[in-house]
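No experiment lies behind these values; they were computed from the predicted model shown. What you see below is based on every heavy atom in this structure, not just the backbone, and it leaves out hydrogens, waters and symmetry mates.
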Amino acid sequence: MMKILYVIMHTQNQNERYDNVMNTWGGDVDCIFYSDHEDFDKNIIKSSNDSSYKSNEEKFCNILNLIPNRYQNYDWFLFCDNDTFVNTKLLSEKITDFDENIVYGQELNTYHSDKSLYYVSGGAGKLVSNKILQLIKGNVPNRKTTYADVTLGYALRELNISIQDYPLFKSQPPEYYKINDNDVQDFITFHYIKTTELMKKLYNLTN
């Protein structure tokens with residue numbers, strides 16, 4: 001069976017979101033958080049001193065090199081945000097469909113400074129194989145774009161690593177796509193799930 005590690009961007013200013021994840025989907029899987037603070041008991045790794053929004057790029061670039069050795073034997077890594085809902089059951093069912101040479105997620109090209117850049121949404125989740133993780137470690141410099149997903153997009157383009165849009169990854173909540181409650185179980189991720197109530201609702205709809 002393929003092993004998946006969920007790697008979640010976090011900040012000490014949003015501790016309720018840690019609880020939102022761990023009291024729902026995160027409690028069922030192996031996951032670590034990377035943040036501007038450290039808490040070994042909660043598997044939170046410090047990857048920046050900055051707790052502002054613009055720190056997300058620095059945090060992501062650093063966590064690629066800071067993932068402890070004990071987590072290096074996972075087959076796949078899903079990088080997402082602390083307000084991302086993940087249907088871990090569905091992802092586990094579909095994980096064998098993915099090619100280890102490709103990074104999967106919701107493809108975007110909305111970076112205002114470079115419309116030629118295609119990248120996968122950080123909030124919708126970036127699915128990265130162990131093979132690719134080893135290739136990009138140390139090769140994703142902080143470009144000061146403010147956006148972790150944009151910065152990864154540049155690195156993947158330079159390393160000739162392909163990305164692929166996978167329609168079950170969503171960078172917005174279900175209502176944005178007019179997805180009703182009965183169909184939520186057919187999707188892997190939704191982003192901007194900021195409240196405890198909504199995170200629990202999506203979890204209950206998929207379990």
Side-chain angles (χ1 to χ4, degrees), residues 4-11 13-29 31-36 47 51-61 63 76-92 94-95 98 103-112 117-128 145-153 156 163-181 183-207:
I4 307 168
L5 181 69
Y6 297 82
V7 187
I8 305 159
M9 185 181 294
H10 186 49
T11 172
N13 295 332
Q14 298 172 337
N15 285 325
E16 75 284 354
R17 292 189 186 178
Y18 174 91
D19 294 332
N20 289 350
V21 169
M22 293 308 297
N23 290 333
T24 56
W25 65 269
D28 300 332
V29 295
C31 61
I32 60 175
F33 291 74
Y34 60 104
S35 181
D36 39 75
S47 63
S51 59
S52 69
Y53 175 80
K54 65 182 178 64
S55 71
N56 76 86
E57 180 184 15
E58 178 186 29
K59 286 175 181 174
F60 178 75
C61 293
I63 195 60
W76 289 90
F77 300 82
L78 183 71
F79 293 88
C80 64
D81 292 351
N82 62 7
D83 60 345
T84 303
F85 170 76
V86 185
N87 183 349
T88 59
K89 180 180 178 181
L90 183 59
L91 180 56
S92 293
K94 291 187 173 294
I95 197 65
F98 296 105
V103 173
Y104 294 88
Q106 182 180 348
E107 187 180 68
L108 302 175
N109 73 320
T110 56
Y111 181 45
H112 56 86
L117 179 69
Y118 287 80
Y119 57 97
V120 290
S121 163
K126 303 179 287 277
L127 185 63
V128 178
T145 67
T146 308
Y147 306 106
D149 46 15
V150 168
T151 293
L152 177 62
L156 295 178
I163 66 171
Q164 184 169 318
D165 183 68
Y166 196 76
L168 304 190
F169 290 83
K170 298 298 185 185
S171 60
Q172 301 288 334
E175 58 267 23
Y176 179 89
Y177 306 98
K178 297 181 171 57
I179 296 170
N180 64 45
D181 287 356
D183 295 327
V184 163
Q185 64 184 354
D186 298 326
F187 294 86
I188 293 174
T189 66
F190 293 103
H191 188 214
Y192 296 125
I193 310 303
K194 297 179 181 294
T195 68
T196 302
E197 292 73 22
L198 185 52
M199 191 71 85
K200 286 182 177 178
K201 176 184 177 181
L202 295 179
Y203 179 70
N204 290 333
L205 288 171
T206 55
N207 286 272

* Could you tell me if the ring centre of Tyr111 sits under 6.0 Å from that of Tyr119? => no
Measuring only between side-chain heavy atoms, which start at C-beta, is Lys59 closer than 4.5 Å to Thr11?
yes
Only residue of Phe98, Phe77, Phe79 satisfying ring pair (Phe, Tyr, Trp, His ring centres under 6.0 Å) with Tyr104 is Phe98
Are more than 12 heavy atoms, taken from residues, nucleotides or ligands other than Lys89, located less than 6.0 Å from that residue's NZ atom?
no
When every non-hydrogen atom of Asp81 is compared with those of His191, the smallest separation belongs to OD2-NE2, 3.2 Å
Separation between CH2 (Trp25) and OG1 (Thr189), nearest 0.5 Å, reads 10.0 Å
When rounded to the nearest 0.5 Å, the distance separating OH of Tyr203 from CG of Asn87 is 10.5 Å
Practice problem: Name the orientation class of the two ring planes belonging to Tyr166 and Phe169 (parallel below 30°, tilted from 30 to 60°, perpendicular beyond 60°). | Solution: perpendicular
Does either side chain, that of Ser121 or that of Asp149, offer a donor lying less than 3.5 Å from an acceptor on the other one?
no
On a heavy-atom basis, the closest approach of Tyr192 and Pro173 is O-CG, 3.9 Å
Taking every heavy atom of Ile179 against every heavy atom of Val184, the minimum-distance pair comes out as CG2-N, 4.1 Å
Value for CZ (Arg17) from OG1 (Thr195), rounded to nearest 0.5 Å, stands at 10.0 Å
Minimal heavy-atom distance between Gly125 and Cys80, with the atoms involved, is CA-CB, 4.3 Å
Taken to the nearest 0.5 Å, the spacing of Met199 CE from Glu16 CD works out to 10.5 Å
Go through the side-chain N and O atoms of Thr151 and Thr145 and say whether any donor and acceptor fall under 3.5 Å apart. yes
| request: Please confirm whether Lys170 makes a cation-pi placement over Tyr177, using NZ or CZ under 6.0 Å from the six-membered ring centre and within 45° of the ring normal. | output: yes
Here the gap from Phe85 atom CZ to Ile193 atom CD1, rounded to the nearest 0.5 Å, amounts to 8.5 Å
### Message
Please determine whether a side-chain nitrogen of the Lys or Arg among Lys201 and Asp181 lies less than 4.0 Å from a carboxylate oxygen of the Asp or Glu.
### Response
yes
**Q.** His10 and Tyr18 aromatic ring geometry - parallel, tilted or perpendicular at 30°/60° bounds
**A.** tilted
Output for pair (Asn56 CG, Asp36 CG), nearest 0.5 Å, gives 11.5 Å
Closest heavy-atom pair, Ser47 versus Tyr34, reported as atoms and distance to 0.1 Å, is OG-CD1, 3.6 Å
